[in-house]
There are 2 protein chains.
Amino acid sequence: MSKAERTREKILDAALELFREHGYEATTMRMVAEQAGVSTGNAYYYFASKDMLLQAFYREVHDAHVAASAPVLRDAKVFRDRLLGVMLKKLEVIEPYHRFSALMFRSAADPRSPLNPFHPAGDDIRHEGEALFAAVVDGARPRPPKDLAADLPALLWTYSMGMVLYWIHDHSESRQQTRAFIERTVDLVATSVRLAGNPLLRPLRRKALALFRDLAPQR
Amino acid sequence: MSKAERTREKILDAALELFREHGYEATTMRMVAEQAGVSTGNAYYYFASKDMLLQAFYREVHDAHVAASAPVLRDAKVFRDRLLGVMLKKLEVIEPYHRFSALMFRSAADPRSPLNPFHPAGDDIRHEGEALFAAVVDGARPRPPKDLAADLPALLWTYSMGMVLYWIHDHSESRQQTRAFIERTVDLVATSVRLAGNPLLRPLRRKALALFRDLAPQR
DNA sequence: CCGCTTGTTTGAACACGTTCAAAACACGCC
DNA sequence: GGCGTGTTTTGAACGTGTTCAAACAAGCGG
């Protein structure tokens, strides 16, 4: 591990600790630098901006989520159970960061943020997210309709972002509201996926899917 | 018109002009003050923050949209046509501000922003938006199912926010993409509303509506 | 050991949004 | 006109994220 890598690590660790303790806004770059035993300029040598520190955090959370989801994806067979399990794991993983994750999601709506679902530069982060939901879909028995299955990962990822948005504003005791949100919306999603196979709904489903494909910007 | 009101106006005008010309970020409070022929501190006497100037702008845009929608709501009868007309008017009204509206929407996802749909303090702005869509629904013949009609305004307002989000990232020639987005999603929405009356879909519809009501934070 | 290049690190400086004590003003009242 | 009180207005000052020229360190070929 080179000196540079160690310095980078020191800065990131300091930042995450301070974020957890004081929240994102209240943590200044000078604080981060001091905690890491480094100059402010040096922090900028490794992270182009304060937001980049946030992104590094996002990566860590995602990895933790993937790891936590592994058992669910191994054991659960039915689509609904797989989705429910993965969503609840996400909730678990992000819970410790409730205080400051708000800011992370704020940036997700910013056109210039790579976290933004519409942003071309944020491909890796989004793709990794979609990959997880692809695993949810792929392992599900019975299989959802094929055309739907193709777009389902992207749709589910968007859905999970919606869950996070809800969670951010949830100040209920031990986040019951979000738990309820997940349980009920997962059922709704699962029902929709099941119903989407119905012939009566074929035109609507095809319209919706075509729309999603045609209009999705840069993919 | 008192002196204070004139000063306030001067500052707001200066801000909107500079926003249009240079965008939101590039416009500094010092520039606004100078353009208005006033001190920086004075700008803060009338507007608590730079964001508040943005909100004032938002109000102006909304008023313009309501005015532009009036003929549509007078003439069109079918739900689909009313919705389509109002959405296209919105597109027209916001078009001149494409360069800097991105920032406005970014703040809409910020939990602390009153523009945020989940935020309790942003009630007036949201309610005014919903009121417009209530007019879209109320005047429609044939009428949509009653229980759906109750929640439609809120749903449609959320939908229109989605359109704006899409528009922000649309850099196509004369915003064709967003135009296509509107035309196709309006059809999709109209179809969904029509289908929602079908008995087969009643359980799903009731589930979805109950969810929307139960989980909508602070309303 | 010396120069050279390349990769790190520093800390002062910049422009920004925002605050605040104090100054300037407006206006009713004696 | 002068006083007093509340409203406007000022501009210096604060702390922020960020930049940058310059200093330093680390390897490397001679």
Side-chain angles (χ1 to χ4, degrees), chain A residues 1-19 21-58 100 102-104 106-107 110-115, chain B residues 1-19 21-58 100 102-104 106-108 110-115 121:
Chain A
M1 198 180 193
S2 74
K3 181 145 180 254
E5 276 169 335
R6 262 183 289 122
T7 308
R8 202 192 126 93
E9 198 87 346
K10 266 195 308 183
I11 294 168
L12 184 55
D13 287 350
L16 294 191
E17 181 178 335
L18 289 171
F19 286 170
E21 193 168 350
H22 304 111
Y24 178 77
E25 301 263 84
T27 302
T28 73
M29 288 301 271
R30 285 166 182 81
M31 285 162 69
V32 171
E34 193 184 1
Q35 172 102 347
V38 123
S39 71
T40 55
N42 198 216
Y44 279 92
Y45 181 76
Y46 289 99
F47 298 91
S49 68
K50 205 181 168 187
D51 277 355
M52 290 297 148
L53 284 169
L54 213 49
Q55 274 196 62
F57 155 80
Y58 193 73
F100 85 93
L103 273 295
M104 189 180 65
R106 179 204 61 155
S107 76
D110 189 326
R112 289 154 319 173
S113 161
L115 292 181
Chain B
M1 198 180 192
S2 73
K3 178 136 182 265
E5 277 168 337
R6 262 183 289 122
T7 307
R8 201 193 128 93
E9 197 88 346
K10 267 195 309 185
I11 294 168
L12 184 55
D13 286 351
L16 294 191
E17 182 178 333
L18 289 170
F19 285 169
E21 195 169 348
H22 306 110
Y24 178 77
E25 300 263 85
T27 301
T28 73
M29 288 301 271
R30 285 166 182 81
M31 286 165 68
V32 170
E34 194 182 3
Q35 172 102 344
V38 122
S39 70
T40 54
N42 201 273
Y44 278 92
Y45 182 72
Y46 288 100
F47 297 92
S49 70
K50 204 181 170 189
D51 278 353
M52 289 299 148
L53 284 169
L54 212 49
Q55 272 196 62
F57 155 79
Y58 193 73
F100 84 94
L103 272 296
M104 192 181 62
R106 180 203 61 153
S107 76
D110 190 326
R112 288 154 321 172
S113 162
L115 291 181

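Proteins come first, then strands; the chains are lettered A, B, ... in the order of their sequence lines, and each starts at number 1. Worth knowing before you read on, the calculation uses all heavy atoms, side chains too, and leaves out hydrogens, waters and symmetry mates.
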Rounded off to whole Å, could you give me the CD-to-C1' distance for the B:Glu34 and C:dC16 pair? 15 Å

Separation of D:dT8 atom P from B:Arg6 atom CZ, nearest Å, is 12 Å

Within the structure shown, what part of the strands sits under 4.0 Å from A:Tyr46 by heavy-atom distance: base, sugar-phosphate, or nothing? sugar-phosphate

Taking only side-chain nitrogens and oxygens of B:Lys3, does any of them come within less than 4.0 Å of OP1 or OP2 of D:dT9? yes

Taking the minimum atom-to-atom distance to the side chain of A:Asn42, which one of C:dT10, D:dA12, D:dT18 wins? C:dT10

Between B:Ser49 and A:Glu5, who's closer to the 5' end of DNA chain C by nearest nucleotide? A:Glu5

So does B:Tyr44 get a side-chain nitrogen or oxygen closer than 4.0 Å to the phosphate oxygens (OP1/OP2) of C:dT19? no

Flag side-chain contact, heavy atom, 4.5 Å: B:Met31 against B:Glu34: no

In whole angstroms, the gap separating C1' of D:dT18 from CG of A:Asp51 amounts to 12 Å

Grab the NZ-C1' distance between B:Lys50 and C:dA15 for me, whole Å please. 12 Å

Measure from the side chain of A:Thr40, starting at C-beta and using heavy atoms only, and say which of C:dT18, C:dG11, D:dT9 lies closest. C:dG11

For B:Thr28 and for B:Gly41, find the nucleotide of DNA chain C with the closest heavy atom, then tell me which residue's nucleotide is more 5'. B:Thr28

When you get a sec, tell me which of D:dG17, C:dT8, D:dT8 is the closest nucleotide to the side chain of B:Tyr45? D:dT8

Sub-4.5 Å side-chain heavy-atom contact between A:Leu18 and A:Thr28: no

Select base, sugar-phosphate, or nothing to describe what B:Thr27 touches, counting heavy atoms under 4.0 Å on all strands. sugar-phosphate

Distance, nearest 0.5 Å, that separates CD of A:Glu25 from CZ of A:Phe19: 10.0 Å

Round to the nearest Å and state the distance from A:Met31 atom CE to D:dT16 atom P. 8 Å

Taking the side chain as everything from C-beta on, heavy atoms only, tell me whether B:Leu53 gets closer than 4.5 Å to B:Tyr46. no

Consider the side chain of B:Ser39, meaning its heavy atoms from C-beta on, and name the nucleotide among D:dG11, D:dT18, C:dT18 that approaches it most closely. D:dG11

Take the protein atom CD of A:Glu9 and the nucleotide atom P of C:dT8, then report the distance between them rounded to whole Å. 15 Å

Would you mind reading off the distance between A:Met29 atom CE and C:dG11 atom P, rounded to a whole angstrom? 16 Å

Could you tell me if A:Lys50 sits above the aromatic ring of A:Tyr44, with its cationic atom closer than 6.0 Å to the ring centre and no more than 45 degrees from the axis? no

Donor-acceptor pair under 3.5 Å: do we get one between A:Arg30's side chain and the base of D:dG15? no

note: A:Glu25, atom CD; D:dG15, atom C1'; distance rounded to Å ~ 14 Å

